[in-house]
Enquirer: 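The structure's right below; bear with me while I get my questions together.
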Amino acid sequence: MAKPDPVVVVGAGPVGLCLALALAQQDVPVALIEAMSDGNFLDQVPRAGSNHPTTLEFFDRIGLYEKLEPRGIVAPKFHYWDRQNNALIAEFDHALLKDDTRFPFVLQCERIKIIEEALKMAKAHPLIEARMATEFNGFEQSADTVTAQVRNAAGESETIRGSYLVSAEGARSIARKNLNVEFEGFTYPERTINIEVAYDFRKHGYTERNYISDPVEYSNLFHWKGPPDRWRIHFPTNIDEDEDQLRQPNALQGRLKRFLGIDRDFEICGCNLYTVHQRVAQRFRSGRVVLAGDAAHVNSPIGGMGLNSGVHDAFNLADKLARILRGDADEAELDRYERQRRHVAVKHTQAQTIRNKRLLEERDPAVRQRNHDELRRQAEDPALARKFLLRTALFESLREAERIA
Ligand SMILES: Cc1cc2nc3c(=O)[nH]c(=O)nc-3n(C[C@H](O)[C@H](O)[C@H](O)COP(=O)(O)OP(=O)(O)OC[C@H]3O[C@@H](n4cnc5c(N)ncnc54)[C@H](O)[C@@H]3O)c2cc1C
């Protein structure tokens, strides 16, 4: 019998790798195409890393969770702070979700560790052909097949035939552009600066994850497991500030000193600047080509929803593709994927991350006060706090998607 065509998954980011593993574990062969090589794959900038309980359940399903837990920090609590008077506004504890999940905590484990572990698993799986240093640059599709055009590791043009093609290429998805699918939304004018620092912020009352409101310079502060043990703090920057100036060691030290109100030098381990987009693809599917993760939607990192919701796309899509390829479902399933996951992207991820940023940067003192009172009220009432956590940990979005026909 002829070997079935693989599903071509473009991009070995967290979304492409989870999709590849979830498909292979359901006996679907996968050709995984990644532009980066083994030599530079782990040289990527630090990115997402707050993995919510819903995502941990998915990681566990493919055997990835047990590899990540030793490399991460179990963080049951998170804080909202008011920088204006250096006061804790509210503490939320995932322990309230103990009857909802086996993982009543967030795992602080950076994207780079996730892809390192997941790629090892993918390479070891007999149904996944991982093609590193292979750049996808277009596709053609017919009623029953799709052909990816790539430049392979030897620098040659090559085509790879597949049953379906999933673009998990990240925000610059070539497949999305080739399909002429609008990436609807907007880009914030200011850039965000991330500073990585080896300093224990718990001395100042912070917990592993902190959202700090301030009308002048709001921030987010997260703890990451080393070596070296590090904290990452994000600040918005003015649009007219020069990038090189922003990165100057003195400028970084100054920001940290002002933030903590102490005069000492910090051990800075890294820094990067990025632009934040809030965008959702108008369609997630066209024939045999499907978009997932950042290729389909991008958002501000406040709330840690980008990677998480992308991984949720991957598992939703893997189950549907596996059923279609087994002959247990027809292709209309892929339209349901689009209805479900586009709904989540627009109504949950976009709406929530836009609200999160507004909450932290609010300038009107009366509105700030109202927002803080509301957070306190929710944190102090266990029923309201559980409801709050079901939303922030993305249970609500998954449950709502399940109800979409
Ligand atoms: C600076 C920064 C900070 C962030 N911080 C957070 C955060 O704190 N919390 C959060 O939830 N999210 C954050 N995000 C977003 C988060 O990193 C993404 O949502 C997540 O990585 C998306 O995963 P993905 O697999 O869809 O895409 P990616 O992680 O972008 O992976 C795409 C993969 O596709 C490969 N690829 C791209 N083009 C091609 C091609 N033509 N051919 C072959 N391979 C290709 C790339 O090399 C890459 O390996 C951040 C993003 C950035 C840029």
Side-chain angles (χ1 to χ4, degrees), residues 8-20 31-38 40-52 55 106 108-116 118-119 122 130-139 148-153 158 160 165-178 191-194 196 209 211 219-222 224 232-234 270-279 281 284 291-314 317 341 345 349 352-353 356 392 394:
V8 178
V9 175
V10 187
V15 175
L17 282 161
C18 283
L19 176 67
L32 177 64
I33 312 292
E34 169 56 48
M36 300 190 84
S37 68
D38 285 317
N40 66 4
F41 191 62
L42 298 179
D43 295 338
Q44 304 180 43
V45 295
R47 284 161 68 170
S50 294
N51 301 286
H52 293 297
T55 306
V106 160
Q108 289 290 100
C109 184
E110 305 91 308
R111 174 186 177 279
I112 201 80
K113 296 174 183 165
I114 300 171
I115 59 173
E116 183 181 5
L119 182 63
R131 305 271 308 254
M132 302 301 287
T134 300
E135 196 178 318
F136 168 77
N137 42 43
F139 67 87
Q149 292 137 7
V150 302
R151 179 165 293 275
N152 66 24
E158 191 187 327
I160 301 171
L165 183 145
V166 180
S167 165
E169 296 162 83
R172 298 206 174 108
S173 167
I174 290 170
R176 188 189 67 236
K177 288 176 191 155
N178 285 6
R191 285 160 306 171
T192 302
I193 191 159
N194 274 345
E196 301 235 349
R209 299 173 58 223
Y211 297 101
S219 49
N220 305 301
L221 173 67
F222 302 104
W224 306 106
R232 187 187 305 161
I233 185 155
H234 309 212
C271 140
N272 65 298
L273 268 164
Y274 62 92
T275 306
V276 174
H277 310 271
Q278 297 281 165
R279 295 183 185 274
F284 282 16
L291 310 177
D294 274 21
H297 44 78
V298 287
N299 56 269
S300 126
I302 307 175
M305 298 174 82
L307 183 148
N308 285 271
S309 67
V311 168
H312 295 192
D313 291 351
L317 184 56
R341 297 309 305 168
T349 315
Q352 182 66 41
T353 50
N356 288 347
T392 56
L394 313 188

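First listed ligand is number 1; within each ligand, the first listed atom is number 1. Note that the structure is predicted; figures quoted are calculated from it, not measured.
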Enquirer: Please confirm whether the backbone N or O of Ser300 pairs with a side-chain atom of Gln278, one donor and one acceptor, at under 3.5 Å?
Expert: yes

Enquirer: Hey, could you give me the CD1/CG distance between Ile33 and Asn152, rounded to the nearest 0.5 Å?
Expert: 10.0 Å

Enquirer: Go through the steps to decide whether Ser50 and Gln108 satisfy the test side chain to side chain contact (heavy atoms under 4.5 Å, CB included), and finish with yes or no.
Expert: CA-CA 5 Å; Ser50 294; Gln108 289 290 100; 2.7 Å; yes

Enquirer: Look only at the side chain of Asn220 and the backbone of Ile302, and say whether a donor-acceptor pair between them is shorter than 3.5 Å.
Expert: no

Enquirer: Hey, is the main chain of Asp38 close enough, under 3.5 Å, to the side chain of Asn40 for a donor-acceptor pair?
Expert: no

Enquirer: Students should be able to answer this: which protein heavy-atom is nearest to atom 37 (C) of ligand 1, and at what distance?
Expert: Glu169 O, 3.1 Å

Enquirer: I need the minimum non-hydrogen distance between Gly11 and Leu32, along with the two atoms involved.
Expert: O-CD1, 3.7 Å

Enquirer: Quick check on contacts: which atoms of ligand 1 are under 4.0 angstrom from a heavy atom of Thr134?
Expert: 43 (C)

Enquirer: By number and element, which atoms of ligand 1 are closer than 4.0 Å to a non-hydrogen atom of Met305?
Expert: 11 (O)

Enquirer: Got the closest protein heavy atom to atom 16 (C) of ligand 1, with its distance?
Expert: Ala48 CB, 3.8 Å

Enquirer: Please work out which of Ser173, Gly170, Gly303 has its closest non-hydrogen atom nearest to atom 27 (O) of ligand 1.
Expert: Gly170

Enquirer: Any N or O on Glu34 sitting closer than 3.5 Å to an N or O of ligand 1?
Expert: yes

Enquirer: What do we get for Arg111 next to ligand 1 when only non-hydrogen atoms under 4.0 Å count, side chain, backbone, both or neither?
Expert: side chain

Enquirer: When you measure from atom 34 (O) of ligand 1 to every protein heavy atom, which one gives the shortest distance, and what is it?
Expert: Gly11 CA, 3.2 Å

Enquirer: Pick one of side chain, backbone, both or neither for how Asn272 approaches ligand 1, counting any non-hydrogen atom pair under 4.0 Å.
Expert: side chain

Enquirer: Determine yes or no for a side-chain-to-main-chain donor-acceptor pair under 3.5 angstrom, with Arg341 supplying the side chain and Gly293 the backbone.
Expert: no

Enquirer: Could you tell me, atom by atom, which parts of ligand 1 come under 4.0 Å of a heavy atom of Gly306?
Expert: 10 (C), 11 (O), 19 (O)

Enquirer: With a 4.0 Å cut-off on heavy atoms, is Gly310 in contact with ligand 1?
Expert: no

Enquirer: Where is the nearest protein heavy atom to atom 15 (C) of ligand 1: which residue, which atom, and how far?
Expert: Asp294 OD2, 4.2 Å

Enquirer: Atom 51 (C) of ligand 1: which protein heavy atom is closest, and how many Å away?
Expert: Arg47 NE, 3.5 Å

Enquirer: Do any nitrogen or oxygen atoms of Ala171 come within less than 3.5 Å of a nitrogen or oxygen of ligand 1?
Expert: no

Enquirer: What atoms of ligand 1 come within less than 4.0 Å of a heavy atom belonging to Val15?
Expert: 23 (O), 24 (P), 25 (O), 26 (O)

Enquirer: Is a side-chain N or O of Glu169 found less than 3.5 angstrom from the main chain of Ala175, in a donor-acceptor match?
Expert: yes

Enquirer: Side chain or backbone, does Ala35 bring an N or O within less than 3.5 Å of an N or O on ligand 1?
Expert: yes

Enquirer: Could you go through Leu394 and Thr349, starting from their C-alpha distance and side-chain angles, then the distance that decides it, and tell me whether this counts as side chain to side chain contact (heavy atoms under 4.5 Å, CB included)?
Expert: CA-CA 9 Å; Leu394 313 188; Thr349 315; 6.0 Å; no

Enquirer: Please check if the side chain of Ser173 supplies one atom and the backbone of Ala171 the other of a donor-acceptor pair under 3.5 Å.
Expert: no

Enquirer: Under 4.0 Å from any heavy atom of Ile174, which atoms of ligand 1 are there?
Expert: 41 (N)

Enquirer: Please confirm whether the backbone N or O of Ala12 pairs with a side-chain atom of Glu34, one donor and one acceptor, at under 3.5 Å?
Expert: yes

Enquirer: How are the rings of Phe222 and Tyr211 set relative to one another: parallel (under 30°), tilted (30 to 60°) or perpendicular (over 60°)?
Expert: perpendicular

Enquirer: Within ligand 1, which atoms have a heavy atom of Ala168 less than 4.0 Å away?
Expert: 32 (C), 33 (C), 34 (O)

Enquirer: Can you list the ligand 1 atoms lying under 4.0 Å from a non-hydrogen atom of Gly293?
Expert: 26 (O)

Enquirer: Using a 3.5 Å distance criterion without hydrogens, assess whether the side chain of Asn299 forms a donor-acceptor pair with backbone atoms of Thr353.
Expert: no

Enquirer: Using a 4.0 Å heavy-atom cut-off, which part of Phe136 comes near ligand 1: side chain, backbone, both, or neither?
Expert: both

Enquirer: Tell me whether Leu307 has any N or O atom under 3.5 angstrom from an N or O of ligand 1.
Expert: yes

Enquirer: For ligand 1, which atoms have a heavy atom of Gly304 less than 4.0 angstrom away?
Expert: 9 (N), 11 (O)

